[in-house]
Amino acid sequence: MNPIYEHIEVAANTSLKVATYTHEKDCPTSNWHIHPEYELVYIRNGSGKLQIDSKTLPYHNGALLFLGPNIPHADFGNKDFTDNFEVVIQFTKGFVMEKLTVFPELRRLKKLIQASHSGLVFSTTIKDELTNAFESLAYASELKKLVGFLAILERLSDTDPYERIVCKENNIVHKTVDANRLETIFQFVNEHYDKQISTEKLAKQIGLTQNSFCRFFKKMTKKTFVQFVNEFRIGKAVEFFNENTLPVSEVMYKCGFNDPSYFTRQFKKYQGKTPSAYMLQI
């Protein structure tokens, strides 16, 4: 079964996306999916199955794994215990190329980063050792999240006992053209979400007709392009509301919406409440 391409948005003011999930706040389900970002996953306890590429690996008492770009996988969470806690750290190859290679002290992490392209599962011992390091990220500032993340990578880079999941010879190679097209689309939306986006011009940029573009995007993401853009813009609106005291109308325009009623409907669709209600909540 072909995986769905998942778009992961790393906020403009951060280097990482750090998400935490509890038993009450389940990790969003993407089913069988793929994305170009690196992903480090910590699961405190419980049991389940790691479905990665062509492998199915059972785990007990939680798990710790590190996946490089474009490795097909299913979600890893479980509901065995009410105190289960999951931390998912995602970052782009741009972070690796532009940040980790700048400082010579961080270059020793390169071996671990490269090894993640085969998918790594670490021992329960290492996972338990790093429990506090992962779980403290939930309440840390953005700077402390970055520092904590680098400390975790340093510890993992000193660890030999890990299992490589995907053999290079057997790795599923996905169409590079399709992956590049999607990355181009995602990057374009990230840079132009506040403006009117022409599917005709974007389609031409990636070498497709407008109709072919719409079919391609729906096939690869299981969403229409309009749905994707609206969801992306609402995510940006949430960022603006969380970080600023801007009025609803200004946030609406900053996120590329021009119709207040349409903005309100879309916000309620993805956030479950109106923009005004969301502002009152925070």
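Remember, it's a predicted structure, so these values are computed and weren't measured experimentally.
Between Gln281 and Gln271 the shortest side-chain heavy-atom distance does not fall below 4.5 Å. Taking 4.5 Å as the limit, some side-chain heavy atom of Leu120 sits within range of a side-chain heavy atom of Leu112. Residues Asn230 and Lys269 have side chains not in contact (no heavy-atom distance under 4.5 Å, counting atoms from C-beta outward). For the pair Ile126/Leu156, a side-chain contact is recorded, criterion being any heavy-atom separation below 4.5 Å from C-beta on. Between Thr221 and Phe228, every side-chain heavy-atom pair lies at or beyond the 4.5 Å cut-off. Looking only at side-chain heavy atoms (C-beta outward), Leu182 and Phe217 come within less than 4.5 Å of each other. Contact check for Tyr38 versus Ile89: no side-chain heavy atoms found under the 4.5 Å cut-off. Side-chain atoms of Phe95 and Lys93, non-hydrogen and from C-beta on, never get closer than 4.5 Å to each other.
For the residue pair Phe257 and Tyr253, the shortest heavy atom distance occurs at O-CD2, 3.4 Å. Across Lys254 and Tyr193, no two heavy atoms sit closer than the pair O-CE1, 3.5 Å. For the residue pair Ala138 and Thr20, the shortest heavy atom distance occurs at CB-CG2, 3.7 Å. When all heavy atoms are compared, the tightest approach of His33 to Ala74 is CE1-C, 4.2 Å. Taking each heavy atom of Gly119 and Leu67 in turn, the nearest pair found is CA-CD2, 3.9 Å. Scanning both residues, Lys144 and Leu137, for their nearest heavy atoms gives O-CD2, 4.3 Å.
No side-chain N or O of Thr184 forms a donor-acceptor pair with one of Arg181 less than 3.5 Å apart.
Interatomic distance, Ile43 CD1 to Asn61 CG, rounded to the nearest 0.5 Å: 11.0 Å. Between atom CZ of residue Phe267 and atom OG of residue Ser276 there is a gap of 9.5 Å, rounded to the nearest 0.5 Å. Of the inter-residue distances, the one linking Leu202 atom CG with Leu208 atom CG reads 9.5 Å to the nearest 0.5 angstrom. With rounding to the nearest 0.5 Å, the separation of CD in Gln266 from OG in Ser261 is 10.5 Å. The line from SG of Cys255 to CZ of Phe263 is 6.0 Å long, rounded to the nearest 0.5 Å. Rounding to the nearest 0.5 Å gives a distance of 11.5 Å between OG of Ser116 and CG of Leu109.
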* To do: Evaluate side-chain contact (heavy atoms from CB on, under 4.5 Å) for Ile113 paired with Phe66, printing each intermediate quantity in order.
  => CA-CA 9 Å; Ile113 297 290; Phe66 188 16; 4.0 Å; yes
* **From CA spacing to verdict: side-chain contact (heavy atoms from CB on, under 4.5 Å), Leu40, Phe149** => CA-CA 10 Å; Leu40 182 62; Phe149 167 68; 4.2 Å; yes
* To do: Report the C-alpha distance between Lys236 and Glu239 in whole Å, list the side-chain angles of each, state the deciding distance to 0.1 Å, and finish with yes or no for side-chain contact (heavy atoms from CB on, under 4.5 Å).
  => CA-CA 5 Å; Lys236 286 294 182 182; Glu239 283 185 32; 4.0 Å; yes
* To do: Test Asn190 against Phe232 for side-chain contact (heavy atoms from CB on, under 4.5 Å), laying out the working first.
  => CA-CA 8 Å; Asn190 189 50; Phe232 186 92; 3.3 Å; yes
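With hydrophobic clusters built from ILVMFWY side chains whose heavy atoms lie under 4.5 angstrom apart, Tyr139 does not share a cluster with Leu146. Val147 and Val87 fall into different hydrophobic clusters, defined by Ile, Leu, Val, Met, Phe, Trp and Tyr side-chain heavy atoms under 4.5 Å apart, directly or through other members. Grouping the Ile, Leu, Val, Met, Phe, Trp and Tyr side chains by contacts below 4.5 angstrom, directly or via other members, places Ile234 apart from Leu280.
Within a 6.0 Å sphere centred on CD of Glu191, other residues, nucleotides and ligands contribute more than 12 heavy atoms. A 6.0 Å sphere centred on NZ of Lys195 holds more than 12 heavy atoms belonging to other residues, nucleotides or ligands. Remark: Glu200 CD is loosely packed, at most 12 non-hydrogen atoms of other residues, nucleotides or ligands lying under 6.0 Å away. Counted within 6.0 Å of CG on Asn132, heavy atoms from surrounding residues, nucleotides or ligands total 12 or fewer; the atom is thus considered open.
Across Lys55, Gln51, Glu39, a single residue satisfies side chain to side chain donor-acceptor pair (under 3.5 Å) together with His73, and that is Glu39.
The pair Glu37-Lys17 fails the salt-bridge criterion, with no side-chain N (NZ, NE, NH1 or NH2) lying under 4.0 Å from an Asp/Glu carboxylate O.
Put simply, the side chain of Glu250 never gets that close to the backbone of Pro247: no donor and acceptor are under 3.5 Å apart. Remark: side-chain polar atoms of Lys127 are paired, donor with acceptor, to backbone N or O of Arg44 under 3.5 angstrom.
Using bins of under 30°, 30° to 60° and over 60° for the plane-to-plane angle, the ring pair Phe225/Phe213 lands in the perpendicular bin. Ring pair Tyr42/Phe134 is parallel by interplanar angle, where below 30° counts as parallel and above 60° as perpendicular.
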